[in-house]
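So the structure is just underneath, and the comments pick up after that.
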Amino acid sequence: MAKTKTKTVTSKKKIKKSKPKKELSASDFIEQGDLALDSLDVNKALECYQSAIPQLEDDKEKLADVMAKLGECKVSMGDQDGARDAFEQAINLIPEGPNHKRAGYYLYLGQLSLEEEALEAYQKGIQELENCIRYHTEKMEVEEQHTEDCQKNGEESPISVKDLKQQLALSHCTVAELFLTDLCYAENAEKDCEFHVESAMNIADEPIIDALQVMASLRLSQQKEAKPYILKVYNQMKEGCDALATMVGLSEPLEEGAVELSNVEAVNNLPSFEFRCQSVKLLLECGSDECVQAAIQVLGSLLAENDEVVEIWYLLGCAFEMNGGNELAIEYWQRAREMLLKVKENLQQDDDDEDDEIVQQLNECQDQILDIENKLKRSLEAEGKCDETMEQ
C-alpha cells in the first residue's frame with residue numbers, strides 16, 4: 001500500500017518592510033541646533049550645526065550663519081581659538097557689499113580678541129556699519145515699503161537705519177572703553193578715545209546712555225567735569241532704580257496703590273546689572289551730595305535684584321559714609337565682611353598650592369577683608385565703639 005505524502009503547511013507571515021529613514025535636511029539640522037542651544041545643550045547644538053555644513057556648500061549666506069552659530073557654541077565651550085576661526089570663516093563667506101551681518105561678526109570677533117587685534121576687528125565692524133547706514137539711507141523709501149510688506153506677510157523685517165545707528169554708537173563706545181583700559185598706554189590713546197566717544201554721542205539726535213557713561217568715565221580720567229554726564233545717565237534710569245530701591249528700604253515708599261505700569265516698564269528697561277554697578281562707581285567718584293544720593297538709589301536697585309553680591313554691600317557702605325551715615329556704613333560693611341569671610345573659608349577648603357587661580361582669589365579676598373576692616377575700624381572709632389571692632 002503506497003504511503004500518502006502529507007504536505008506540511010507553514011504559515012507565511014507578512015514581513016513589514018521598514019520605511020527608509022528620511023534624511024534630515026540642512027534646515028532640519030539648523031532647527032534642531034537652535035532648539036538645543038535654547039535648551040543650553042551646547043554639545044548637541046554643535047553636532048547639529050556641523051551636520052548641516054556639508055549640505056550648504058552652494059548657499060554661502062546660510063553657511064555663514066551656521067559658522068557664526070558654531071562660533072557661539074565654541075565660545076560657550078571655552079574654545080576661544082575655535083570661535084575666532086568660525087567667525088573669520090563666516091566673514092569670508094559673505095559676498096562683498098554692505099551687510100550688517102558681516103559687521104556683527106567683526107564685532108563678535110573683537111570681543112574674542114585683545115588689544116590691537118580687538119581694535120582692528122572693532123574698526124572693521126564700525127566701517128561695515130557705516131557702509132550699511134549709507135546704503136540703507138539712500139534706499140530709505142524702498143526699505144520702509146519693504147518693511148511694511150514684510151509685516152503684512154508675517155516675514156522678518158530688514159534691519160532699520162535706527163537699529164544700525166544704535167549698533168554703531170555702541171561699537172564706538174566699546175572702542176572708547178578699549179582705549180580707557182587695555183590700550184590706555186597706546187600712542188594717541190586719549191585723542192582716539194575722545195574721537196570715538198564724540199562719535200557715539202553724535203550719531204543720533206539724543207546720545208545713548210552708554211555714550212554718556214563712557215564720556216563721564218573719560219572726563220574723570222582727564223580730571224575734568226564729569227558730573228553732568230553721569231547724572232544724565234542716572235536720570236534715564238531713575239524711575240526704575242527708585243521702584244526697585246523702595247523694595248529694600250533705600251528709597252521713599254510710593255503712596256499706597258501708586259505702583260503703576262510705568263514703574264514696571266521702567267524696571268524692565270533698566271540697563272544691565274554690570275552697567276549700573278559701573279554707574280555707581282562713577283557717581284561716587286564724582287562725589288557731590290547729589291551724585292552720592294543717586295548712587296544709593298542705583299545700589300538699591302542692584303540689591304533688590306541680587307543681594308548675594310559682596311561688592312554691592314561694600315559700595316553701599318562707602319556711599320553712606322560719604323553721605324554722613326556712619327551707622328549705616330558700618331552695617332553694610334559688616335555684612336560685606338561676613339560674606340567675604342565665608343568666601344575665604346570656602347576657598348581655603350579648596351586650597352591647592354599649585355592652583356594659581358585659587359591662590360590669587362584667596363589673596364584678593366584677604367585684601368578686600370583688610371580694606372573693609374580698616375574702614376570699619378575708622379568708622380567705629382568715630383562712633384565711639386572701638387572696643388566692638390572685629391567681634392561681630
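- At least one donor-acceptor pair under 3.5 Å links the side chain of Arg102 to the backbone N or O of Ile94.
- Checked against Leu283 for a side chain to side chain contact (heavy atoms under 4.5 Å, CB included), the options Ile230, Leu299, Val292, Ile296 give a single hit: Ile230.
- Taking all atoms of both residues into account, the shortest heavy-atom contact from Gly71 to Ala83 is O-CB, 3.5 Å.
- Considering CD of Glu72 and CG of Leu37, their distance stands at 6.5 Å, rounded to 0.5 Å.
- Counted by atom type alone, Tyr135 and Asn99 present zero donor-acceptor pairs between their side chains at under 3.5 Å.
- For Asp58, the CG atom sits in a loose shell: 12 or fewer heavy atoms of surrounding residues, nucleotides or ligands are nearer than 6.0 Å.
- With rounding to the nearest 0.5 angstrom, the NZ atom of Lys227 is 7.0 Å from the CD atom of Glu225.
- Taking each heavy atom of Gly33 and Ala45 in turn, the nearest pair found is O-CB, 3.4 Å.
- Considering only heavy atoms from C-beta on, Met67 stays 4.5 Å or farther from Phe87 through its side chain.
- Between the side chains of Gln334 and Arg337, not a single donor N or O lies within less than 3.5 Å of an accepting N or O.
- With hydrogens and angles left out, the side-chain atoms of Gln127 and Gln123 include no donor and acceptor closer than 3.5 Å.
- Of the possible donor and acceptor atoms, one in the side chain of Asn92 sits under 3.5 Å from a partner among the backbone N and O of Glu88.
- Tested against Val214, the residues Ile209, Val197, Ile208 include a single side chain to side chain contact (heavy atoms under 4.5 Å, CB included) partner, Val197.
- Looking only at side-chain heavy atoms (C-beta outward), Leu35 and Lys44 stay at 4.5 Å or farther from each other.
- How far CG of Leu183 is from CG of Asn188: 12.0 Å, rounded to the nearest 0.5 Å.
- Judged as a side chain to side chain donor-acceptor pair (under 3.5 Å), not a single pair has a partner in residues 201-210 (not counting sequence neighbours).
- Within a 6.0 Å radius of CD in Gln111, more than 12 heavy atoms belonging to other residues, nucleotides or ligands are found.
- Judged purely by distance below 3.5 Å, without hydrogens or angles, the side chains of Gln213 and Ser279 pair a donor atom with an acceptor atom.
- A distance-only check finds a donor-acceptor pair linking the side chain of Trp313 to the backbone of Asp307 [under 3.5 Å].
- Remark: Ile330 CD1 to Arg378 CZ distance equals 10.5 Å, nearest 0.5 Å.
- Under a 3.5 Å cut-off, the side chain of Asp85 and the backbone N or O of Asp81 do not form any donor-acceptor pair.
- Environment of CD in Glu364: crowded, with over 12 heavy atoms of neighbouring residues, nucleotides or ligands closer than 6.0 Å.
- Atom CD in Gln360 sits 12.5 Å away from atom SG in Cys365 (nearest 0.5 Å).
- Tyr332 has its ring centre less than 6.0 Å from the ring centre of Phe320.
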Which atom pairs, one a donor and one an acceptor, fall under 3.5 Å between side chains of residues 166-179 and the rest of the protein, sequence neighbours left out?
| unit_1 | atom_1 | unit_2 | atom_2 | d |
| --- | --- | --- | --- | --- |
| Ser171 | OG | Gln167 | O | 2.8 |
| His172 | ND1 | His196 | ND1 | 2.9 |
| Thr174 | OG1 | Leu170 | O | 3.0 |

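- Among residue pairs with one or both ends in residues 40-63, none qualify as ring-ring contact (aromatic ring centres under 6.0 Å, His included); sequence neighbours excluded.
- Under the 4.5 Å side-chain criterion, counting only non-hydrogen atoms from C-beta, Leu340 is not in contact with Tyr314.
- One distance of note links CG of Leu302 with CD of Gln297; it measures 11.5 Å at 0.5 Å rounding.
- Closest approach of Arg276 and Pro271 over heavy atoms only: NE-O, 3.0 Å.
- Minimum heavy-atom separation, Cys193 to Leu218: SG-CD1, 3.8 Å.
- Under a 3.5 Å cut-off, the side chain of Arg84 and the backbone N or O of Leu109 do not form any donor-acceptor pair.
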